[in-house]
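See structure below.
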2 protein chains.
Amino acid sequence: MVTIKQVAKEAGVSVATVSRVLNNNGYVSQEALTNVKSVIEKLNYKPNSVARSLYNKTSNMIGLIVPDITNPFFPELARAVEDVAMIYGFKVVLCNSDQEPEKEKKYIDLFKQQYVDGIIMTAHSYESEIYTDLNIPVVALDRIGNTTLPAVVSNNYTGARKATDLLLQKGVENIAHIRGPRGVAPAEDRYRGFIDEVNKKNADYIIEESSFQLEGAEKKAREFLRAHTDVDGIFCSNDVIAVGVLKEALKKGIKVPEELQIIGFDGSFFGKMIYPELTTVSQPIYDMGAMATRLLIKIIEGNKPEKIFYEMPTTIIERSTTRK
Amino acid sequence: MVTIKQVAKEAGVSVATVSRVLNNNGYVSQEALTNVKSVIEKLNYKPNSVARSLYNKTSNMIGLIVPDITNPFFPELARAVEDVAMIYGFKVVLCNSDQEPEKEKKYIDLFKQQYVDGIIMTAHSYESEIYTDLNIPVVALDRIGNTTLPAVVSNNYTGARKATDLLLQKGVENIAHIRGPRGVAPAEDRYRGFIDEVNKKNADYIIEESSFQLEGAEKKAREFLRAHTDVDGIFCSNDVIAVGVLKEALKKGIKVPEELQIIGFDGSFFGKMIYPELTTVSQPIYDMGAMATRLLIKIIEGNKPEKIFYEMPTTIIERSTTRK
DNA sequence: ATGAAAGCGCTAACAC
DNA sequence: GTGTTAGCGCTTTCAT
């Protein structure tokens with residue numbers, strides 16, 4: 001690897017001058033400038049970012065932690081984060097915590113040691129202390145705990161109410177909600193939304209709980225449909241669960257949406273790749289990722305953001321698992 | 001951040017001694033050892049890995065580049081890589097190249113500058129030179145070009161022949177293959193497998209080409225089904241395409257598998273979450289990721305691997321998009 | 001068994 | 001304008 005020293009030598013100047021042209025600050029004569037630049041070109045010199053980090057304590061990297069990379073929601077979010085980060089000259093390193101607080105902590109340590117400039121957490125477990133004495137800007141995305149961290153979420157509560165209302169409007173008589181895991185903020189908010197709406201309408205209901213992951217959801221769906229044959233409308237806490245329910249329903253010969261109406265939550269591409277296409281509460285996934293990234297970068301760059309908490313609107317996408 | 005100096009001071013020893021206990025090499029007296037250890041504990045000292053990297057030129061990190069994080073195949077692969085890497089004490093940083101050679105190069109530069117210990121490439125574009133003068137161990141996974149890099153792939157060619165054969169066995173009379181993008185190795189191999197098998201059987205066939213991604217696949221499926229109403233069996237180059245075809249077929253009221261049989265390739269979870277469940281050529285995704293990681297680590301640690309090229313077996317999983 | 005000191009590649013204060 | 005040099009936090013040789 002070619003170093004700044006070699007460039008300096010080849011160009012007949014000192015390392016300081018080379019450093020100046022690299023960071024273009026300080027005084028450099030026109031000729032030194034062009035000279036050094038051509039040497040850099042010639043030797044294909046790239047400044048060593050580890051050395052830079054050691055001195056600067058920054059890295060131009062953003063750390064992104066997701067809880068489950070196999071849930072389509074998160075890759076879509078990650079794409080947005082990457083896009084925006086890249087525009088501002090940041091690289092993003094993506095880590096998968098697998099919902100294990102252990103791994104989450106491990107990656108946070110990694111980030112800290114790598115001097116990442118900021119962290120976006122879409123992960124599971126939140127013990128505020130971990131973040132507050134971190135001394136690195138952190139933005140929470142989607143899953144926020146009871147922290148005071150800057151955060152970007154969608155309006156889970158309202159979305160859930162709308163979904164529940166829709167089902168009821170469409171003539172569902174025995175409604176159910178398959179909620180997500182306890183302690184996961186969006187799952188809780190959606191649950192509350194469901195409950196409030198159903199109570200307002202004085203409707204009876206059934207609650208079941210499922211993981212947000214494929215296998216868990218599929219299994220739970222199977223059990224649920226076996227146990228509750230009279231349910232004719234289900235609001236699922238995310239698209240993964242909804243897809244699982246849909247599949248199991250079709251497998252059992254239940255007609256969707258004639259006999260059973262299903263609505264999911266997320267609006268990930270998943271719901272569009274199946275038949276019938278899934279009716280769902282759509283979150284502005286890309287915007288959420290983009291917003292969180294811009295917010296983070298703003299904080300990194302020392303600007304005070306006007307707002308520290310963004311709640312993005314959800315919209316119902318009526319596709320084919322609910323009646324016309 | 002607490003540094004080695006502070007630890008040394010607090011423990012009343014020199015930094016050299018602290019360093020020795022950290023790396024447990026060199027002579028350290030029992031009492032110095034326990035003393036330093038307790039101070040480390042007390043101050044919650046974590047060695048700065050950037051500084052370490054600068055000296056050691058290693059980082060205990062493995063870089064993983066995937067071409068498309070929204071294709072379920074790659075997250076599944078990534079999971080395996082992470083699992084195995086973690087066992088051996090490596091962290092993995094995952095980067096999404098979006099199939100853009102530009103980004104790929106960018107991330108490789110990043111890796112190089114971060115002193116990653118090794119790289120796993122499942123990405124798209126291969127210009128050998130990039131890798132050969134990289135001076136970092138690289139293993140190609142799934143998508144190999146015409147390189148001499150150590151590689152782990154599945155037997156795409158044989159898998160494709162088996163898939164084609166199955167379709168023909170099941171009574172398909174007008175067979176088609178929707179191949180993946182040109183220049184992508186697995187797509188090419190699967191294409192060759194299809195062609196050879198179909199020629200061997202003297203069957204007529206239709207070839208169409210699609211991207212490996214959702215939107216592209218869905219659109220292509222729609223066009224294809226409109227244009228070729230007589231086709232009664234399709235071998236799709238990956239599961240994403242197959243899912244797209246299935247969905248469009250159902251949407252048009254085509255009965256699967258009665259009127260149209262479909263077989264995919266990959267064996268990602270995608271195919272199990274739909275109804276009817278997808279018949280597919282299953283790759284040992286987890287094993288592939290695990291194998292590639294072990295191979296890479298072996299090379300990193302300076303051991304000569306017995307083999308440098310692994311071709312993993314594929315198996316047909318007959319589910320419900322082909323006849324019984 | 002332990003410490004002093006050089007050096008990994010870079011930046012920035014300070015001198016000229 | 002440009003060069004010298006200290007120092008970022010760590011590891012390792014070389015003395016002792």
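Atom set for the values below is all heavy atoms of this structure, side chains included, hydrogens, waters and symmetry mates excluded. Numbered from 1 within each chain, the chains take letters A, B, ... in sequence-line order.
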Over all atoms of both residues, closest heavy-atom pair of L22(A) and P47(A) = CD2-CG, 4.2 Å
Name the atoms and distances for all side-chain donor-acceptor pairs under 3.5 Å in residues 68-75 of chain A, with sequence neighbours left out.
from: D68(A); atom 1: OD1; to: T70(A); atom 2: N; distance (Å): 3.0
from: D68(A); atom 1: OD1; to: T70(A); atom 2: OG1; distance (Å): 2.7
from: N71(A); atom 1: OD1; to: F73(A); atom 2: N; distance (Å): 3.1

Using a cut-off of 4.0 Å on non-hydrogen atoms, how would the nucleic acid contact of V13(B) be classed: base, sugar-phosphate, or nothing?
-> sugar-phosphate
Judged by nearest nucleotide, the residue sitting upstream toward the 5' end of DNA chain C, R52(A) or S29(B), is S29(B)
Could you identify which residues of residues 30-42 of chain A place a heavy atom less than 4.0 Å from some atom of DNA chain D, listed by residue number, or say none?
-> A32(A)
Under the salt bridge (Lys or Arg N to Asp or Glu O under 4.0 Å) test, residues paired with R79(A) that sit two or more places apart | D98(B)
Please list, chain by chain and in numerical order, all residues satisfying side-chain contact (heavy atoms from CB on, under 4.5 Å) with E306(A), sequence neighbours excluded.
-> K298(A), Y310(A)
Does any pair with a residue in residues 33-43 of chain B pass side-chain hydrogen bond (donor to acceptor under 3.5 Å, both in side chains), and if so which ones, sequence neighbours excluded?
-> E10(B)-K42(B)
Footprint ends on DNA chain D, 5' to 3', for atoms under 4.0 angstrom from a heavy atom of chain A, come out as dG1(D) to dG9(D)
Pairwise N/O distances under 3.5 Å, protein to nucleotides 6-8 of chain C:
from: dC8(C); atom 1: O3'; to: K57(B); atom 2: NZ; distance (Å): 2.9

V15(A) or Y27(A): which one's nearest nucleotide on DNA chain D is closer to the 5' end?
-> Y27(A)
With A80(B) via side-chain contact (heavy atoms from CB on, under 4.5 Å) - residues at least two apart = Y286(B)
The bend of the helix from dA1(C)-dT16(D) to dC16(C)-dG1(D), taken between the axes of its five terminal pairs at each end and rounded to 10°, is 50°
Looking at residues at least two apart in the chain, or sitting in another chain, which of them share a salt bridge (Lys or Arg N to Asp or Glu O under 4.0 Å) with R52(A)?
-> none
Any luck finding a side-chain donor-acceptor pair between N96(B) and Y107(B) under 3.5 Å?
-> no
Expected list for residues 17-24 of chain A near DNA chain D, using heavy atoms below 4.0 Å, is T17(A), R20(A)
With sequence neighbours excluded, what pairs up with S14(A) under the side-chain contact (heavy atoms from CB on, under 4.5 Å) test?
-> A16(A), T17(A)
